[in-house]
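First comes the structure, then the notes that go with it.
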Amino acid sequence: MTELLHITEPASTRTSPQWQAFLELGFRPLYLAGCFWAAFSIALWVYAPQLLAATMPGVLWHAHEMLWAFIATIAVGFLLTAASNWTGVNPLRGAPLGILLALWSAARIGYLVPGAPAFWVAACSELAFFAWAAAALGRTIVGARNRRNYGLPLLVLGLGMADALYLLAVLQGDYALLLQRFNAGLLCMAVIAMLVARRVIPFFAMRAIPGLTIPMHTRSGQWQIGAGVIAVFGSLLQFPALTAAALAVAGCIALYQVSAWRLWATRRTPLLWILYVGYAALGAGMLVAAAHAMGWIVRAAWPVHVIGVAGFSVLIIGMVTRTALGHLGRPLQTDHAMVVSFALVILAAVLRLAALLPTAITSGALHASAAAWVLAFALYLWRFVPMMIRPRADRAGAFAASRTSR
C-alpha cells in the first residue's frame, strides 16, 4: 500500500502562526472545523435547542449537521490529504482550500439564520463544498491514474447528492422521506469509512508494533464495499430485505476483519486500539441497521447512533489524532490529553446509547453524554490548534524563507 504518512521528528524551534501553513493540506482546516462544529453543535442541540428555529429546525438540523457538517467534513479532510500521498499531487492548497473552508462556513451560518434566503445560501454553499472537493479529488486521482482510488471522488459526490435529497425533503416537509435520505447518506458515509479504515488500520498497526503481521483483508474488503454500495441503493429504492442482507454482510465482514487484527497486541498503543474499537462498533452498527431494516428494531435512533456515535465518532477521534501527528511531523505518541479525549468520546457513545433506553436515567444520560462529547473535542482543539496553524517543525525554515522572499 502506498505510504499515507511522512513521519519525522520535529525541530525545537517554535514558529508563529501562518496562513500558508494552515492552508497547506486539507486536514488542517477541515479537521479543526469539523471538530469545532462537533462540540458547538451538540452543545447547542442539547443545552439551547430553542435557538434552532430556522428553516431546518430541531432534530432535522441536528441529524444533518452531525452527518454532513461533522463526519463528512472530517472524511473530506482526510481524503484530500491522503490523495496527496497516493498521487504526489496536492488536490487543494492555499486560496482554493480557503474557498472550500469558506463554503463550509457559509453553510453552517446559513442554516442557523431564519428565512428562506439564508437556507438557500447555506444549501448552495454546502453542495458546492462537496462538488468542489469531489472535483479536486477526481482531477488528482484520475490525473495520476491511481486506479484503486477511482471510486472515492464518486463516493464524495454521492455524499453531496444524498445531502441535496435530504435538503429537498426538508423543504417538502416529508419526514418519512427525510429518514430514508438521511439513511442513504449515512450508509454512503459508512462505505467510505469502511474502505479507508480497512486499509489504514493494518498499515498503522504494522508500522507501530515491531514484528506484528496482520492481514490487509483486500479480498474481503472488496466484498464489503460491494455490499455497502448495494445497501445504499437498496435503501434509496426501498427494498428492505435487500438492504438488510447487504448490511448484515458488510457488518459481519467488518467484525471478522477486526478479529484477525490482534487487538491484544495494541493494548499499550492508544493510537491503535481507539481505531480498532471504532471499526468494531461500525461493524456492529451495520448489523443493528440490518435488524432495523427488517423491522426487528423499531426505533430508527438505534442504528443511527450505533453507527454514528459509537462507530464514526470513535474512529474519527482516533484518526484525526493519528493522521494529524503524522502529517505534522510529530512523534506518534499520545499525551494525557489525547488519551482522555479518546476515553471521553467512548464514554459519550456509551451514555448516548444508554439514553435511548426507556429508563429514568434517559435525560441525565443524554446531558452527561453531551458534556463528555463537548469536552472531548474541546481537548482535541486545545491540543491541536497550535500545531495546525503553524508549519511542520521540520519545514519551518522553508516557510520563513518563502515569506521573506515575497
Side-chain angles (χ1 to χ4, degrees), residues 59-60 62-64 66-68 71-72 75 151 154-155 158-170 172-198 220-259 278-315 349 352-358:
V59 69
L60 305 185
H62 167 62
H64 178 274
M66 280 292 97
L67 179 54
W68 283 287
I71 297 167
L154 296 177
L155 287 172
L159 273 175
M161 292 174 63
D163 187 13
L165 292 172
Y166 182 90
L167 295 173
L168 181 60
V170 168
Q172 294 171 340
D174 188 333
Y175 295 101
L177 192 60
L178 270 168
L179 180 60
Q180 179 205 27
R181 292 175 174 177
F182 176 83
N183 286 339
L186 187 75
L187 295 180
C188 187
M189 187 63 245
V191 171
I192 295 175
M194 289 187 296
L195 174 63
V196 170
R198 194 266 308 163
S220 67
Q222 292 170 348
W223 284 99
Q224 182 186 43
I225 298 308
V229 171
I230 291 172
V232 172
F233 283 103
S235 175
L236 285 172
L237 298 175
Q238 300 187 50
F239 293 143
L242 176 64
T243 303
L247 287 169
V249 169
C252 287
I253 290 175
L255 295 177
Y256 160 74
Q257 290 167 342
V258 122
S259 70
Y279 192 68
L282 178 58
M286 301 295 274
L287 296 181
V288 174
H292 177 261
M294 289 301 296
W296 300 338
I297 295 176
V298 176
R299 194 173 179 187
W302 275 104
V304 168
H305 287 89
V306 176
I307 292 174
V309 183
F312 291 152
S313 300
V314 174
L315 268 175
R352 185 63 188 91
L353 295 179
L356 294 176
L357 298 171

Hey, could you give me the [atom1]/[atom2] distance between [X] and [Y], rounded to the nearest 0.5 Å?
| X | Y | atom1 | atom2 | value |
| --- | --- | --- | --- | --- |
| Leu167 | His64 | CG | NE2 | 4.5 Å |
| Leu67 | Phe312 | CG | CZ | 7.0 Å |
| Leu168 | Asp163 | CG | CG | 11.5 Å |
| Leu186 | Met66 | CG | CE | 12.5 Å |
| Phe182 | Leu165 | CZ | CG | 14.0 Å |

Does the [X] side chain pair with the main chain of [Y], one donor and one acceptor, at a distance under 3.5 Å?
| X | Y | answer |
| --- | --- | --- |
| Ser235 | Arg181 | no |
| Asn183 | Leu179 | yes |
| Ser313 | Ala310 | no |
| Trp68 | Leu159 | yes |

Identify all side-chain donor-acceptor contacts of residues 283-307 below 3.5 Å with residues at least two apart in sequence or on another chain.
unit_1 : atom_1 : unit_2 : atom_2 : d
Arg299 : NH1    : Leu356 : O      : 2.8
His305 : ND1    : Ala301 : O      : 2.8
His305 : NE2    : Arg352 : NH2    : 3.4

Check [X] against [Y] and note the closest heavy-atom contact, atom names and distance.
| X | Y | value |
| --- | --- | --- |
| Val249 | Ala227 | CG1-CB, 3.9 Å |
| Gln172 | Leu177 | OE1-CD2, 3.5 Å |
| Val191 | Gly228 | CG2-C, 3.5 Å |
| Ala162 | Gly185 | CB-CA, 3.7 Å |
| Leu236 | Ala184 | CD2-CB, 3.5 Å |

Qualifying residues under side chain to side chain contact (heavy atoms under 4.5 Å, CB included), relative to Ile230, sequence neighbours excluded |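 So Ile230 forms a side chain to side chain contact (heavy atoms under 4.5 Å, CB included) with Leu242, Ala246.
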May I ask you to test the Tyr175-Leu60 pair for a side-chain heavy-atom distance under 4.5 Å?
-> yes
May I ask you to test the Val309-Leu353 pair for a side-chain heavy-atom distance under 4.5 Å?
->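 No, every pair of side-chain atoms sits at 4.5 Å or beyond.
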Which of these passes side-chain contact (heavy atoms from CB on, under 4.5 Å) with Met194: Leu315, Ile253, Ile225?
-> Ile225
Sequence neighbours left out, what passes side chain to side chain donor-acceptor pair (under 3.5 Å) with Tyr279? Give chain and number order.
-> Gln224, Gln257
